[in-house]
Each structure stands twice: as structure tokens, then as C-alpha cells.
Amino acid sequence: MTSPASQPVQGMSDLGPPEIAAWQKIEEKARQVLSLYHFSEVRTPVLEHTSVFTRSLGDTTDVVQKEMYTFEDRGRRSLTLRPEGTAGVMRYVAGQGAEALDARLYYLGPMFRCERPQAGRKRQFHQLGVEALGAPSAAADVEVIALQQHIFSSWGLRNCRVEVNTRGTPEDRKTVSEGLVNALRPHADKLCEDCRRRLETNVLRVLDCKNPDCGKVVDQLPPVTSFMSEVSRKYLDEVMRLLAMLNIPAKLNPRLVRGLDYYVHTVWEVRHPGLGAQDAISGGGRYRIDIGGKAIDGVGFAVGLERVLAALEHDKPEGLRAASNPVAWIISMGEKAMEENLVLAQTLRLRGIQCGLDLAGRSMKAQMREANRSQAAYAIIRGDREMEAGVLVLKNMVDGGQEELELPALIEKLVGASRGEVAKT
RNA sequence: GUGGAUGUAGCUCAGCUUGGCAGAGCACCAGGUUGUGGCCCUGGUCGUCGCGGGUUCAAAUCCCGUCAUCCACCCCA
């Protein structure tokens, strides 16, 4: 069953017919909402020059340092399987004309990170990402957060809320980290081992340490925004005010930290309870990325689709798993009838009626059982007996009633039933 | 990268402590019902016990290695 040759690579998995229906459903719903907000899809390659990521994500981030699938191709170029979507989209935008600098784009596809797999963390996983380019404004950030929430509610996602924070301007970074280090150093003895290391490498990470002792120290600190410029504080206030105006339930979380270097001003994250340790289903923020000599401003977010599906499993999948059932299942008795029924199936399908049939010559009972399993609304029975009489038996699989019809009448009836099905959904 | 748990039929799992014929439920197939599904009854099929090696008269069971999955850390979507 699980010989190495029959398994996918570690942390990667197949999506078969049982799972795929839900995937297609959430993709379709997301696309509908995205078009309401006038966003267009972009598809960039899965493989990029490594520098695309090292430059925009930051050389020292964990994603770049220890999670990327990087290798040399035959021309000895360093290539990397994309660990996230923004960098590639920015490379694309930089190659376009100036008018692309206010594009509204989204992408959907597999991302790769070579981490130790666990629940909610695959080595190949899928993200839906949105990038709204253009000069910074709180209103633009809020519009994108509103879009995100709109997509979530189209999926029927409940029990999740947005946490918002700010990273300030690029100029703020230095004062923030100096300020934090100075404020924390006197309490270094109360911090965990990891946080003492973070004091030197990445102070911001001390803020969201899960260790309760570190939390106590952090709670005593002056707010991070106090190390920032007036501009940054105003920007954050504006974002919170507009979110309230749009009735978007968002919580200011001064301890929220986002890992990638390109973020400025607004950052946010969405968590879902009941997902275990990997509970962030979406993360985003405003960014400024320098690429190809251009500085690109934008705001965006990325949603982890595997985690969304896990969250939906937890909430209530209502409506998301409905696979389309055939309208009719055709049952044949005898070889001659089976051939005629193959023709019938083709006729029905060309008329847009979804149907199935058994071509293996199995017993009536077996074929009926299959019809039942397929959840078809009707069974059509035609054997040699019906062939002689020039009729077909149409059986209603719900109430069990059946009638004999000639071919044209049967087709018309099924066309009607098929339309009814479509109208209902 | 660190620490822990698990891997037996298509699925969910028992059996492992103390080595002795490979099991249950669900699913699937057939019959009960000569051409009528779902419910019920009866019967049946399906296993390199994750993989490789070792110990032993004998290994699903004990030992070593390996691969994979899960949980937590780290980090992230």
C-alpha cells in the first residue's frame, strides 16, 4: 500500500476526486468576489531566479534562510521554487510599463517551503494572494481587508477575526528595534533562551513569543508605536477608524509581528481557533519592494487554502462539498440494448444532461445499486424487452415510481428535470 | 533543524505487553428477489502487517536501520 514508489514526496500530497470538489468550490467563490472588487488574475512561474526572493523577502528571514527549495539548473543558475507569491508578482509588475504600478492582481497556486510537515503545514501548499498596487493610503489597506473578509464570508467561514498592527515606515525600523532592545535589555534575565537570542537577531519576535514569562515582560513595555514617527501612528489610527466605519470586526494587536522584510505600515493576520498550532489562515500587509530599479508600493494578503479547508471542516462545510450528481443513470439488459443506450447517453449529454451507464454487462441489481450510489434523480431502464416495444422505462429514484415513455418524451422530461436542477443551485 | 507518538484490508482500528494459523466494523461483490436501488438476512473477495536487515525452530509482535504520517517547538499561510 505504501511502498516508497507509490507515495508522493514528503510533505506533498495528491488531491483526488473526494477532495477536489471543495477546492474548486472555494476557488470559484473567491474568483466571483475578486471580480466584484475589480481584481484580475496573474499566473507567474513556479520557478524563479533565487534572487527574486532573497532581495524582496530579506536575506535574514527564516523563509529565505532555511525553508526554500533552491538548486542549480544545468546552466548553473540558482533557481528556487517559490515559497510565496508576492515576489514573483512584483517581478512581473516591474517588467511592465508604469501603468502597471497601480494594478489590482490576484494569484492562486502552489507554493513550496521545505519545513518539517505537520497539520496545516505542507511542503507544497496553496495560496490565494491579492496585491493592490499604488501609493500608500489607509483607505487602500482597508479596502483590501474588506475584500479578504468578503471572500471569507463567501466561503461560509465563521469564527475568525482580523488582528491588525503596524510596522511603521522603513525609517521607523531602526528606532523601533533600538527602542525595543533598550527597553528589554534590563529584563533579559526574565526572557526565555530563544528571546535572549532574538534580542540580538530579531527583536520584534520577542513580542509574539508564546512563553508566558516573556509575555509578562512584553506587557510592561511601552507600546511599539511609541518608537515610531507621528506619521506611522496617524496611519494606523486611520486604518482602525475606517475598519470600524465599514463594520469590519478587527482587533488591534500590538504584539502581532509579520516575518517578511518588505512590510511597512499596516500588517494583519487572521487566525482560526481549532486549527492547532498552525492557526493563521491569512496574513497580509502593506509593503514596499524595490525591484528592477523601481520601488513598488502595494498592499496585499495571502490565504493558505489547505488551512481554510481545515477551518471549514471545523465550522460547517454546508454547501461546499455538494458534488454534481447525474440526472440519470441508464441501465441496460442485453448487448443490443447496451449499444443503443450508449447512443442514448451521447444524445442526452449533447443536450446537456449529465448521465452515466454501465458498460460491463452487469446484472440488473448491480446496475440499480450503482444508479442509487450515483445519486441520480432518475434511472432509465432499457433492455431487449423495451427495445421490442419501442419504449424506455423511466424510474424516479426518489419515490420509486416508474413509467414507460417513448424516446422523445423521455428526453424532454429529462431536459426539464435538468433545468430544474440547475435552477435550484 | 529539535523533541515525542504512530504506521496491520479501500476506510476506521483491534492484535504487539508475555513471539505460535492475519482479525472486527464499515465499504465492496454475490445470493435471498429469473429484470428493479436504498432497509434486513446469509455468504464471499480483498493484506508484500510501511520498507530493509537482524535475533529465533518460529516475528505483525523483540532489536537495528530507513521511509512516511501525526503532535509540539522554531517559523509561517
Side-chain angles (χ1 to χ4, degrees), chain A residues 1-13 16 18 57 60-68 83-86 108-130 148 160 192-195 197-198 201-202 205 208-211 257-260 268-272 275-285 300-311 329 331-334 337 360 362-376 378-386 393-402:
Chain A
M1 169 185 85
T2 47
S3 72
S6 69
Q7 282 182 3
V9 174
Q10 181 180 31
M12 313 203 171
S13 43
L57 308 191
T60 60
T61 55
D62 279 26
V63 171
V64 167
Q65 281 197 330
K66 44 187 208 193
E67 295 171 5
M68 296 203 305
E84 58 94 63
T86 301
L108 180 53
M111 306 294 160
F112 303 84
R113 292 186 197 177
C114 193
E115 301 177 87
R116 185 81 166 263
Q118 70 187 72
R121 181 199 278 161
K122 290 280 179 193
R123 289 183 167 183
Q124 175 175 335
F125 61 103
H126 296 78
Q127 284 187 341
L128 164 67
V130 166
Q148 175 192 260
C160 57
C192 70
E193 198 182 321
D194 285 332
C195 282
R197 180 175 47 77
R198 287 170 179 137
T201 58
N202 192 356
R205 282 280 164 223
D208 69 347
C209 182
K210 284 174 192 162
N211 186 313
V257 177
R258 308 264 322 136
L260 308 178
W268 72 87
E269 217 165 84
V270 181
R271 297 169 188 287
H272 191 280
L275 280 194
Q278 265 59 52
D279 61 351
I281 60 176
S282 176
F301 60 87
V303 184
L305 297 181
E306 280 83 358
R307 291 185 187 176
V308 163
L309 288 166
W329 199 266
I331 289 164
S332 316
M333 294 306 296
R362 300 202 292 155
S363 74
M364 171 122 230
K365 183 169 182 159
Q367 293 187 62
M368 280 302 294
R369 195 163 42 227
E370 203 176 356
N372 186 56
R373 252 199 307 269
S374 79
Q375 307 217 33
Y378 291 96
I380 299 167
I381 304 166
R382 178 161 65 171
D384 296 335
R385 204 183 284 168
E386 287 78 15
V393 172
L394 182 66
K395 173 167 178 142
N396 183 318
M397 291 300 280
V398 179
D399 63 26
Q402 61 184 53

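Side chains included, hydrogens not; waters and symmetry mates left out as well; all remaining heavy atoms used. Note on naming: letters A, B, ... go to the chains in the order of the sequence lines (proteins, then strands), and numbering restarts at 1 for each one. In this text, all values refer to a predicted model and were calculated from it rather than measured experimentally.
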| task | Would you mind classifying the nucleic acid contact of Glu193(A) as base, sugar-phosphate or nothing, using non-hydrogen atoms under 4.0 angstrom? | result | nothing
| field | For the student: nearest non-hydrogen atoms of Arg362(A) and Gln367(A), plus distance | value | O-NE2, 2.8 Å
| message | Side-chain N or O of Lys210(A) versus OP1/OP2 of C75(B): is the shortest distance under 4.0 Å? | response | no
| message | The side chain of Asn372(A) is closest to which nucleotide in this list: G37(B), A77(B), C74(B)? | response | G37(B)
| note | Looking only at C74(B), A68(B), G38(B), the nucleotide nearest the Gln118(A) side chain is C74(B)
| query | Starting at the 5' end of RNA chain B, which residue's closest nucleotide do you reach first, Arg116(A) or Ala376(A)? | reply | Arg116(A)
| Base U36(B) to side chain Lys365(A), donor-acceptor N/O within 3.5 Å cut-off | no
| task | Check if the side chain of Gln375(A) and the base of G37(B) share a donor-acceptor pair of N or O atoms closer than 3.5 Å. | result | no
Atom pairs, protein N/O to nucleotides 26-29 of chain B N/O, distance under 3.5 Å:
{"from": "C28(B)", "atom 1": "OP1", "to": "Arg373(A)", "atom 2": "NH1", "distance (Å)": "2.7"}
{"from": "C29(B)", "atom 1": "OP1", "to": "Arg373(A)", "atom 2": "NH2", "distance (Å)": "3.1"}
{"from": "C29(B)", "atom 1": "OP2", "to": "Arg369(A)", "atom 2": "NE", "distance (Å)": "3.4"}
{"from": "C29(B)", "atom 1": "OP2", "to": "Arg373(A)", "atom 2": "NH1", "distance (Å)": "3.4"}

| query | Any N or O donor-acceptor pair linking the side chain of Gln402(A) to the base of U36(B) at under 3.5 Å? | reply | yes
| For C74(B), does OP1 or OP2 lie under 4.0 Å from any side-chain N or O of Arg121(A)? | no
| remark: Ranking G37(B), A77(B), A68(B) by distance to the side chain of Gln10(A), first place goes to A68(B)
| message | Closest-nucleotide mapping onto RNA chain B: is Pro117(A) or Asn211(A) further toward the 5' terminus? I mean the 5' end. | response | Pro117(A)
| query | Tell me, which pairs form a salt bridge (Lys or Arg N to Asp or Glu O under 4.0 Å) where one or both residues lie in residues 108-120 of chain A, sequence neighbours left out? | reply | Glu115(A)-Arg121(A)
| If you measure from the C1' atom in C63(B) to the same atom in G19(B), how many Å do you get, rounded? | 13 Å
| query | When rounded to the nearest 0.5 angstrom, what distance separates CE in Met68(A) from CZ in Phe112(A)? | reply | 13.5 Å
| query | How far does the C1' atom of U48(B) sit from the matching atom of G31(B), given to the nearest Å? | reply | 33 Å
| Counting only side-chain N and O atoms of Lys66(A), is one of them less than 4.0 Å from OP1 or OP2 of C75(B)? | no
| task | Heavy atoms only: give me the nearest Phe125(A)-Pro83(A) pair and the separation to one decimal. | result | CZ-O, 4.0 Å
| message | Using the P atom as the point on both nucleotides, what is the distance between C62(B) and C41(B), in whole Å? | response | 38 Å
| Rounded P spacing from C16(B) to U69(B) in Å | 28 Å
| task | Look at the side-chain N and O atoms of Arg113(A) and state whether any lies under 4.0 Å from the OP1 or OP2 oxygen of G1(B). | result | no
| query | Can you check whether Ser13(A)'s main-chain N or O pairs, donor with acceptor, with Gln124(A)'s side chain at less than 3.5 Å? | reply | no
| task | State whether the side chain of Arg307(A) and the backbone N or O of Ala280(A) hold a donor-acceptor pair below 3.5 Å, judged by distance alone. | result | yes
| said: Checking contacts here: which listed nucleotide (G35(B), A77(B), G37(B)) is nearest the side-chain heavy atoms of Ile381(A)? | reply: G35(B)
| request: Please work out if Ala371(A) contacts a base, only the sugar-phosphate, or nothing of the nucleic acid, heavy-atom cut-off 4.0 Å. | output: nothing
